[in-house]
Colleague: 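I'd like to ask you about the structure that follows.
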2 protein chains.
Amino acid sequence: MATSGTGSRPPTIADVARAASVSRTTVSHALNGIGKVDPRTRERIKQVAAELGYRPNLRAQRLRRGEAKAIALASSMPFAVAGGASRLGFYMEVAAAAAESALLHGYALVLVPPVRSGSALYSVDIDGAIVVEPDRDDAAVAQLRERGLPYVALGRPTAEGDDSPYVDLHGGPVADLLLAHLREQGARRPALLVGAGARHSAVDARAAYLRAAAAHGWPPVVATAPEEGGEQAGYEACAALLAEHPDTDAVCALVDAFAVGAVRAVRDSGRRIPDDVMVVTRYDGLRARTCEPPLTAVDLHLDQATADAVDLLLARLRGETAATPAAATAPEPRVVPRASSLRRPPPRP
Amino acid sequence: MATSGTGSRPPTIADVARAASVSRTTVSHALNGIGKVDPRTRERIKQVAAELGYRPNLRAQRLRRGEAKAIALASSMPFAVAGGASRLGFYMEVAAAAAESALLHGYALVLVPPVRSGSALYSVDIDGAIVVEPDRDDAAVAQLRERGLPYVALGRPTAEGDDSPYVDLHGGPVADLLLAHLREQGARRPALLVGAGARHSAVDARAAYLRAAAAHGWPPVVATAPEEGGEQAGYEACAALLAEHPDTDAVCALVDAFAVGAVRAVRDSGRRIPDDVMVVTRYDGLRARTCEPPLTAVDLHLDQATADAVDLLLARLRGETAATPAAATAPEPRVVPRASSLRRPPPRP
DNA sequence: CTGAAAGCGCTTACAG
DNA sequence: CTGAAAGCGCTTACAG
């Protein structure tokens, strides 16, 4: 409470020890509740510490204890997708959830913006990281490995030998769900548009799509676009796709930026949405909701998934490697039907 | 490059010194570019360090140097407003911009979620913070002051003697802009709905509104609602306002959650938007854009303002108190007209 | 129950 | 130009 009249720098453990006429060892024990101190001594020390306004120096504690008590959120997703224009995307939604969850456990969340080349992860003092949807050769993952830092992936890692823990975002089932929805709405020749990278969301969706195409007898049409390209790349890929496969009646564009570009391409080709071509996407964010027409998307329960990822990471940091499950499973994804794919009124549950 | 075959823990400066047959002092000088080392020695040391894969221990550096190289983003804004339902708000938009700006300067951004009571700021090792729109008696500011940490406000601080640097978000001019827009669209009796707190956005807007009311001969109608109340509070305040002042023909609801609630209240009272009552808000985020009808809002140039705030803070940390301006000024705000207030087609510039 | 001492990995006067 | 030594503020065996 009271401000120490002594000097200007904050009091150290030595100041407390002196004021309480004990050793620094005893102060440390008393304040950290290690059970080897006389209860009365402990109380006295606590009181003195409070009077002096003592707070342990976090830097010193961390050097000594060998931990940063901080984790980072990192991603190799290109800026155009992860941030860009309105910036309010997948990444920041995950960031908010992760910060809350981390702080609840006494960890700080360091927000590493999706940097282009980024030696970013080297200059930040952290114990580990959450990597959002790592690519097969992910820059963020590479940096973490080189630093020897543990990480948990949000979304199944696709790199060869990567057996790091992860939270499953259900890449395949999400695609299945969207394709089922399209079929239900009358689509007979849906095409798939995915990022050129090898993130689980693209890889698993492609596999699911090919399976569905075989099952239903669709001619499979899969287009890819560079993630860095954002809306424009989606536009171009979709325009090319429609030119080559004019009987396409639905586009499943898993990156929201692509989906918005696809909507433009569909319109520019003289087709109507959803009557001639439906468009659906995955992440239910600003882009999907403000698109004209609003895009059917998927509720991924990102909050829950992110909290699970943080839990997984912290368990690993605690060294519970044995007890820690190798993966958590986010809640069931759910389609949020909107005008971009609704030819019939949505079924009332 | 090469992994040291020695042990498993990362090499320290002592390892480098040993391998290069010099003292730790010299290694430190060589690596930090302090100009007292023979160029050839320096090169040799650098090479050895690289071979060993040496990276300075950030914890140790920071303890020694007495700085955390991290800043926090903090806010006392209630969760319902700052995060809540879709979480994609003002706060996260600022977070993204701040993280990028901070990292560019070698600082990490710690994301402190708008916690309810929050001793949050005590457990985080930072050199300073950006506080978003501090209230007159702001919890985050109080914690920072008690820790003796410098901070910069995003939005003019309203506390009595608070002369901390800040970035002006133009609370008054924003209100003027919105009111002028409403007048232009034909409103003759606009009401103001603000948060009950004393953040600059509420305080300055109220003053601007009263000034405008006097100038144009409106009967001033100002309602307040608790920020924690979110949409529902906005609904109730607006419903009461309309009951008491039935000839209100526009509502300027500066908190986006309030504005969305206001839209419902207007409709439930049997009035149409914008024909009977227009509704406008300040922050142009997800809520404003996805509202039905979409809400007229203001482009605050948050990116630029946030970058300025970070610059201001870092200048203060560098001790450039003298050279540091006491305030920066965000770019001119600009109205983004939408259906919620457009009775006439927008003027073509 | 309490304390003297070592050490976490750096940096920086200070002396040579 | 180079190094021995002190010290940043803690915690933790270890000894009493």
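All chains are named by letter (A, B, ...) in the order of the sequence lines, taking the proteins before the strands, and each is independently numbered beginning at 1. All values below were derived from every heavy atom in this structure, side-chain atoms included, with hydrogens, water molecules and symmetry-related copies excluded.
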Colleague: Is there side-chain contact between D127(A) and Y107(A), with heavy atoms separated by less than 4.5 Å?
Modeller: yes

Colleague: With both distances kept under 3.5 Å, what pairs with dA15(D), Watson-Crick or G-U wobble?
Modeller: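 Paired with dT2(C).
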
Colleague: On a heavy-atom basis, which atom in A17(B) and which in S23(B) lie closest, and how many Å separate them?
Modeller: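 Minimum heavy-atom contact is CB-C, 3.8 Å.
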
Colleague: Is it the case that D138(B) and S76(B) place a side-chain donor and acceptor less than 3.5 Å from each other?
Modeller: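 A donor-acceptor contact under 3.5 Å links the two side chains.
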
Colleague: Any chance the side chains of H200(A) and D168(A) put a donor and an acceptor closer than 3.5 Å?
Modeller: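 Distance-only check fails for H200(A) and D168(A).
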
Colleague: What is the nucleic acid contact for R55(A), judged by heavy atoms within less than 4.0 Å: base, sugar-phosphate only, or nothing?
Modeller: sugar-phosphate

Colleague: Within the structure provided, determine whether R40(A) and R44(A) are in side-chain contact (heavy-atom separation under 4.5 Å).
Modeller: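 R40(A) vs R44(A): side chains apart.
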
Colleague: Extract, from 5' to 3' on DNA chain C, the first and final nucleotides lying under 4.0 angstrom from some heavy atom of chain B.
Modeller: dG9(C) to dA13(C)

Colleague: Only pairs at least two apart or in different chains count here, so list each salt bridge (charged side-chain N to carboxylate O under 4.0 Å, His left out) that has a residue in residues 12-21 of chain A.
Modeller: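 The answer is D15(A)-R18(A).
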
Colleague: By nearest nucleotide on DNA chain D, pick out whichever of R64(B) and T41(B) is the more 5' one.
Modeller: T41(B)

Colleague: What residues in residues 18-27 of chain B put a non-hydrogen atom under 4.0 Å from any atom of DNA chain C?
Modeller: R24(B), T25(B)

Colleague: Within the 4.0 Å heavy-atom criterion, would you say S28(A) contacts the bases, only the backbone, or no part of the nucleic acid?
Modeller: base

Colleague: Please tell me if the side chains of E146(A) and Y122(A) come closer than 4.5 Å, counting only heavy atoms from C-beta onward.
Modeller: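 Counting from C-beta outward, E146(A) and Y122(A) do come under 4.5 Å.
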
Colleague: Identify the two heavy atoms, one from G106(A) and one from K69(A), that lie closest to each other, and give their separation to 0.1 Å.
Modeller: O-CD, 3.9 Å

